[in-house]
Amino acid sequence: GRRIWRYTYQTIPILWLLSIAHVIILKYAPIYITPLMVLRSCQSITKGKAPHNDKTWVPIEEISHNLTIACIASEDNLFLKHNGFSKRAIKQALIERLEGKRIRGGSTISQQTAKNVFTFCSRTWFRKGIETYYTILIELIWGKKRIMEVYLNIVELGDGIYGAEAAAQHYWGIPSNKLSKAQSALIAAALPNPLHYSISHPGPYMQKRQKQILNLMPKMGKIDFLNNKE
């Protein structure tokens, strides 16, 4: 028993330092693969399908500002103000769940990024704890611009499609810096469940949600890091 406790006591600081080092490295290095991509590939193999990951990393300066604004308007309108967690969003998600409405999680863009980069997205309290820990780290170490850059490059946007550039090329045959407001709003509308909602053939819900996001986008105000090359 003492050996186990001693081993644990010695291991925790090492794991803590490694996690910080990992986050620091990913502040600067492109992220080409995530646990979610691995999971999706494994799921394809179990179904007898060849796994594929359509993904191209691009700097945030090469992604249309329209998409950044649309994602903030749709997923996390307090992104620039909170420190990784939105009490309002969590409270609203709990209310909607109690009322039996369609569940839209209370996760911020920061939390979604931490979940996608550092966890396998399982529905467990342990995963949620890891997500919370890494959300704090990326808010402290990465900052908002890098969090958004990573989010836009790794977010799932269809079967085997990840990130803004892959989505823009797949759905419209254009680079991500050419995405219009309408196209960006349509991408953002699919984010709650990109494997369920079709971007290429949007149904009534997607069309309605697209219009809502388009109406919200002008209300987001100035986003400083979009004009800041530092």
Side-chain angles (χ1 to χ4, degrees), residues 34-37 39-40 43 53-55 63-64 66-80 82 84-124 127-128 131-132 135 147-148 150-168 170-172 176 179-217 219-220:
T34 66
L36 179 61
M37 296 176 193
L39 178 63
R40 295 293 189 232
Q43 290 173 342
N53 292 322
D54 186 0
K55 182 183 183 306
I63 299 174
S64 172
N66 292 324
L67 185 58
T68 298
I69 296 168
C71 288
I72 292 176
S74 174
E75 294 292 289
D76 185 5
N77 62 355
L78 298 177
F79 175 68
L80 299 175
H82 63 61
F85 307 93
S86 172
K87 294 180 180 179
R88 183 189 301 178
I90 294 172
K91 181 179 179 180
Q92 184 61 33
L94 290 173
I95 292 174
E96 291 179 357
R97 184 168 299 184
L98 290 173
E99 293 178 347
K101 295 181 179 179
R102 183 178 63 85
I103 297 174
R104 286 179 62 90
S107 294
T108 63
I109 286 176
S110 301
Q111 288 174 276
Q112 293 177 49
T113 303
K115 178 183 71 174
N116 290 335
V117 175
F118 300 103
T119 81
F120 278 95
C121 305
S122 59
R123 293 179 178 273
T124 64
R127 190 276 297 168
K128 195 66 178 178
E131 173 194 310
T132 300
T135 298
I147 291 172
M148 180 58 66
V150 171
Y151 177 78
L152 293 177
N153 272 284
I154 66 167
V155 65
E156 187 175 32
L157 293 170
D159 185 13
I161 302 169
Y162 300 92
E165 184 67 19
H170 178 82
Y171 295 114
W172 295 286
S176 56
L179 286 168
S180 67
K181 291 181 179 180
Q183 291 165 338
S184 298
L186 193 60
I187 289 175
L191 287 176
N193 193 340
L195 298 183
H196 176 72
Y197 298 115
S198 174
I199 294 175
S200 55
H201 298 94
Y205 164 78
M206 283 283 286
Q207 295 174 21
K208 179 181 177 181
R209 184 61 183 153
Q210 179 191 33
K211 291 179 181 179
Q212 291 174 339
I213 294 169
L214 284 170
N215 289 332
L216 288 172
M217 287 171 66
K219 302 176 183 179
M220 291 301 99

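Atom NZ of K55 and atom CG of N153 lie 5.5 Å apart (nearest 0.5 Å). Atom OG1 of T113 is separated from atom CG of L152 by 8.5 Å, given to the nearest 0.5 angstrom. Taking CZ of R127 as the start and CZ of F120 as the end, the distance is 13.0 Å to the nearest 0.5 Å. For the atom pair CD1 of I72 and NZ of K219, the computed distance is 16.0 Å after rounding to the nearest 0.5 Å. Interatomic distance, CH2 of W172 versus CG of L186, reported as 5.0 Å (0.5 Å rounding). Of the inter-residue distances, the one linking E156 atom CD with L191 atom CG reads 10.5 Å to the nearest 0.5 angstrom.
When every heavy atom of S107 is checked against every heavy atom of K128, the shortest pair comes out as OG-NZ, 3.6 Å. Residues A190 and I199 approach most closely at CB-CG1, 3.7 Å, considering heavy atoms. Annotation for T119 and E131: closest pair CG2-N, 4.3 Å, computed over non-hydrogen atoms. The two residues A168 and L179 have their closest heavy-atom pair at CB-CD2, 3.8 Å. In terms of heavy-atom proximity, N66 sits nearest to S184 at CB-OG, 3.3 Å. Here the shortest heavy-atom pairing between G163 and L157 reads O-CD1, 3.5 Å.
Using a 4.5 Å heavy-atom threshold, the side chains of Y171 and I161 count as touching. Under the 4.5 Å side-chain criterion, counting only non-hydrogen atoms from C-beta, P35 is not in contact with F118. In this structure the side chain of S176 never reaches within 4.5 angstrom of the side chain of L67, judged on heavy atoms. Two residues are said to be in side-chain contact when any heavy atoms from C-beta on lie closer than 4.5 Å; E165 and I63 fail this criterion. Residues P192 and R209 fail the side-chain proximity criterion, which asks for heavy atoms closer than 4.5 Å. Contact check for Q111 versus K115: no side-chain heavy atoms found under the 4.5 Å cut-off.
At distances below 3.5 Å, not a single donor-acceptor pair connects side-chain atoms of Q210 with backbone N or O atoms of A185. One N or O on the side chain of Q207 and one on the backbone of P202 form a donor-acceptor pair closer than 3.5 Å.
With a 6.0 Å radius and a threshold of 12 heavy atoms from other residues, nucleotides or ligands, K181 has its NZ atom at or below the threshold. Within a 6.0 Å radius of CG in D159, other residues, nucleotides and ligands contribute 12 heavy atoms or fewer.
Not counting sequence neighbours, the partners of D76 by the side chain to side chain donor-acceptor pair (under 3.5 Å) test are H82.
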